[in-house]
4 protein chains.
Amino acid sequence: MPKIGMEAVRKNALIHATIAEIGEAGTLEVTVSQIARRAGMSSALAHHYFGSKEKMFLETMRFVLRQYGKAVRSNLKTARTPQERIRAITDSSFDSSQFEREVIGAWLNFYVRALRSDETRRLLQVYARRLQSNLLFDLRKLMDSDSAEMAAQGLAALIDGFYIRAALQDDVPDRERIKSMVGDYLNFWLEKVSHG
Amino acid sequence: MPKIGMEAVRKNALIHATIAEIGEAGTLEVTVSQIARRAGMSSALAHHYFGSKEKMFLETMRFVLRQYGKAVRSNLKTARTPQERIRAITDSSFDSSQFEREVIGAWLNFYVRALRSDETRRLLQVYARRLQSNLLFDLRKLMDSDSAEMAAQGLAALIDGFYIRAALQDDVPDRERIKSMVGDYLNFWLEKVSHG
Amino acid sequence: MPKIGMEAVRKNALIHATIAEIGEAGTLEVTVSQIARRAGMSSALAHHYFGSKEKMFLETMRFVLRQYGKAVRSNLKTARTPQERIRAITDSSFDSSQFEREVIGAWLNFYVRALRSDETRRLLQVYARRLQSNLLFDLRKLMDSDSAEMAAQGLAALIDGFYIRAALQDDVPDRERIKSMVGDYLNFWLEKVSHG
Amino acid sequence: MPKIGMEAVRKNALIHATIAEIGEAGTLEVTVSQIARRAGMSSALAHHYFGSKEKMFLETMRFVLRQYGKAVRSNLKTARTPQERIRAITDSSFDSSQFEREVIGAWLNFYVRALRSDETRRLLQVYARRLQSNLLFDLRKLMDSDSAEMAAQGLAALIDGFYIRAALQDDVPDRERIKSMVGDYLNFWLEKVSHG
DNA sequence: AATGAATGAGTTTTCATTCAT
DNA sequence: GATGAATGAAAACTCATTCAT
């Protein structure tokens, strides 16, 4: 077993600490010192590895997005029909790994940072578009292109909406309920295009 | 050039400057100085009138919520059937006054502040619940209570989702398109309960 | 009855408000605004009449010192023997008008201000010396000059000590007890010089 | 040029700078920046080490009280009789280390802060009571309990009075003179109870 | 590699003071 | 005479970042 370089270990620890700190502190205004302390090192070392707070947050974001990508790919493995594939994609946002308070906090953080950080926004959009095009690919097999476009937009909005409400409000349906409601929305579209 | 009755004028100017600054600067981390400068006064005066940054933001939030409440009430005036009333309520979020980039930025600011400020969260929840109960009141006339509950949750999530996407992404449907998609979602529910 | 000029009325109100504010707030860091509000006027008017906070405090100090002077003179009226005169002087510091929490607070304020304000220190010293020379005048009739000097110093220190302790500590003897202890101290000196 | 173990060094420097600044500047309204500059560092570092101005002042107070405690204990070492012990205690306040203008300024600062800071008052009272009970312990061996109580109160007031006068006035007896006058006061009491 | 030490730049907040009316 | 309006200057405090070791 090759010894893992300290760099990777440290960066990893900091990324997880960033997510944990945002989630636990319940605020996006976390300091580098807080994060570093949680990761068991000095803030100076955090800077040493990441160069800046901004870059550390970006790496954390990449990590979270990668996790999400993995969840999607994993769910897609057993999906056969287009419908199953769409469900696999939409369900991924509410997998337990994605739907933990901490991860939701991290996502919200990215959303807010994206308001002013070009790089954050770019990163977020790359993933958003990839998700959209995946959805579209399968939706188009089930309906006309215009409908597919709208269904994709609607699905994405519904997912984001449930996500943000989970972060900010109390009386929100649980994971399974949400998944089934998103599934219903997809069915609505399928029925609409078949009956219409 | 001091004049009488400036308090209302100044407070108003500061509230609008807060919204404008958040919207234009594209960040939620605005300082009192920035806002005061935009409103054409010193930061000391802003503190003089509001007491603290927190209170200034709370007042701004109340203003935005009041604006939203007005939009809802105005739209409800011509609504006759439950269906029309529901449409009136959901459409209000996408009225031009609500759907400007600056106002969306302000809303996002409140969402994020609600993460740690009890008073902000309370204020937001008061409005959210009022909205929910209004929707439920009319939805229950059209479907069973369980369905109404879910439809209300779904509508709220869809609205929030479109809202946040409008703030953060580029390729988002325009206002009218969104309104019609939210309307479609309502129709889905109405058909479901009538056919089911 | 000639109408008293507003200036005198206002100044008087501000001086009393200064004393009251220091006494009640229990701190020396009172603001001009607080004082002016208590006196029922704007802080701007306070500045109009006094020119500056410093000057307002100096006037207040003069007032308190004048009150003290009056108390001394009043007590001296009925005093016949040197001993009675000395008692009259020392007792004055503990007259009810002088020994109220508010007045003690004001005195303490002057002591502290005297640390950096030359004019305050000068004012305080003028009164202190006048008091000392009054005491000395009578003490010298009862003892040699050196003893008189020391007795005067000791009496003054004892008075100041009880005064500051009354402001800062809880378990301090009451007024009458203090008067009698100061009287005892004087008697000690008288006995010392007669027996020695 | 960072070195290890600087915390103790820096804190120490800041404590001494606090005392020096109060003493030399001749005012109690010293800023953290002034103190930090005198101690040769940035105000940020002062905050880093002490957390707040309040805490820095409290630490300084503890230091001064500790110094005073040391002086008392040192003086008590050679004291054999109750009378000698009392003298040892009362003399300690006028040891050169305690009676420097700067230290007196620091004490006065604490007195004033005690007006509003609960923790400061508590700290001050702890020491005051310890001193009182030490005095009482020995005084009771020499006189009845009531007299001992009064003698202790009188001694404390006399000490405080000389102390504050030394801080604020010019024509005050020197250290040795004061010590002997306090000693005289004790003797007065001893004679009183033996002759009375 | 790792960190304690250190700070500059910036944030909110306070307040004595000034001024037009 | 009186005040609301307004501000500059300064306060305490925070934090990302740098650096010597």
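By convention in this document, chain letters (A, B, ...) are assigned in the order of the sequence lines, proteins followed by strands, and residues within each chain are numbered from 1. The basis for the numbers below is simple: all heavy atoms, side chains too, and nothing from hydrogens, waters or symmetry mates.
Across all strands shown, dT21(E) forms a Watson-Crick or G-U wobble pair with dA2(F), both key distances being under 3.5 Å.
Looking at E119(C) and R122(C), no side-chain N of the basic residue comes within less than 4.0 Å of a carboxylate O on the acidic one, giving no salt bridge. With respect to the salt-bridge test (charged N to carboxylate O, under 4.0 angstrom), the residues E21(D) and R37(D) do not qualify. For the pair K55(A) and E59(A), the salt-bridge criterion is not met [side-chain N within less than 4.0 Å of a carboxylate O].
Looking at which nucleotide of DNA chain F each of L45(B) and A44(A) is closest to, the 5′-most match is held by L45(B). Toward the 5′ end of DNA chain E lies the nearest nucleotide of A46(D), the other residue of the pair S52(C) and A46(D) mapping further downstream. Where S43(C) and H48(B) meet DNA chain E, the nucleotide closest to each residue was compared, and H48(B) sits on the side nearer the 5' end.
Nearest to the side-chain atoms of K53(B) among the listed nucleotides dT13(E), dT18(F), dT17(E) stands dT13(E). Of the candidates dT12(E), dA2(F), dA6(E), the closest approach to any side-chain atom of T31(B) belongs to dT12(E). Comparing dC15(E), dT3(F), dA16(F) by their nearest atom to the side chain of R10(C) picks out dT3(F).
Classification of the F110(A)-W107(A) ring pair by plane angle, with boundaries at 30° and 60°, yields perpendicular.
Distance, F50(C) CZ to dA16(E) C1': 15 Å, rounded to whole Å. Rounded to an integer number of Å, the gap from CZ of F57(C) to P of dA16(E) is 8 Å.
For H47(C) and dT17(E), the shortest distance from a side-chain N or O to OP1 or OP2 is below 4.0 Å. In this structure, Y49(C) reaches the dA2(F) phosphate: one of its side-chain N or O atoms is under 4.0 Å from OP1 or OP2.
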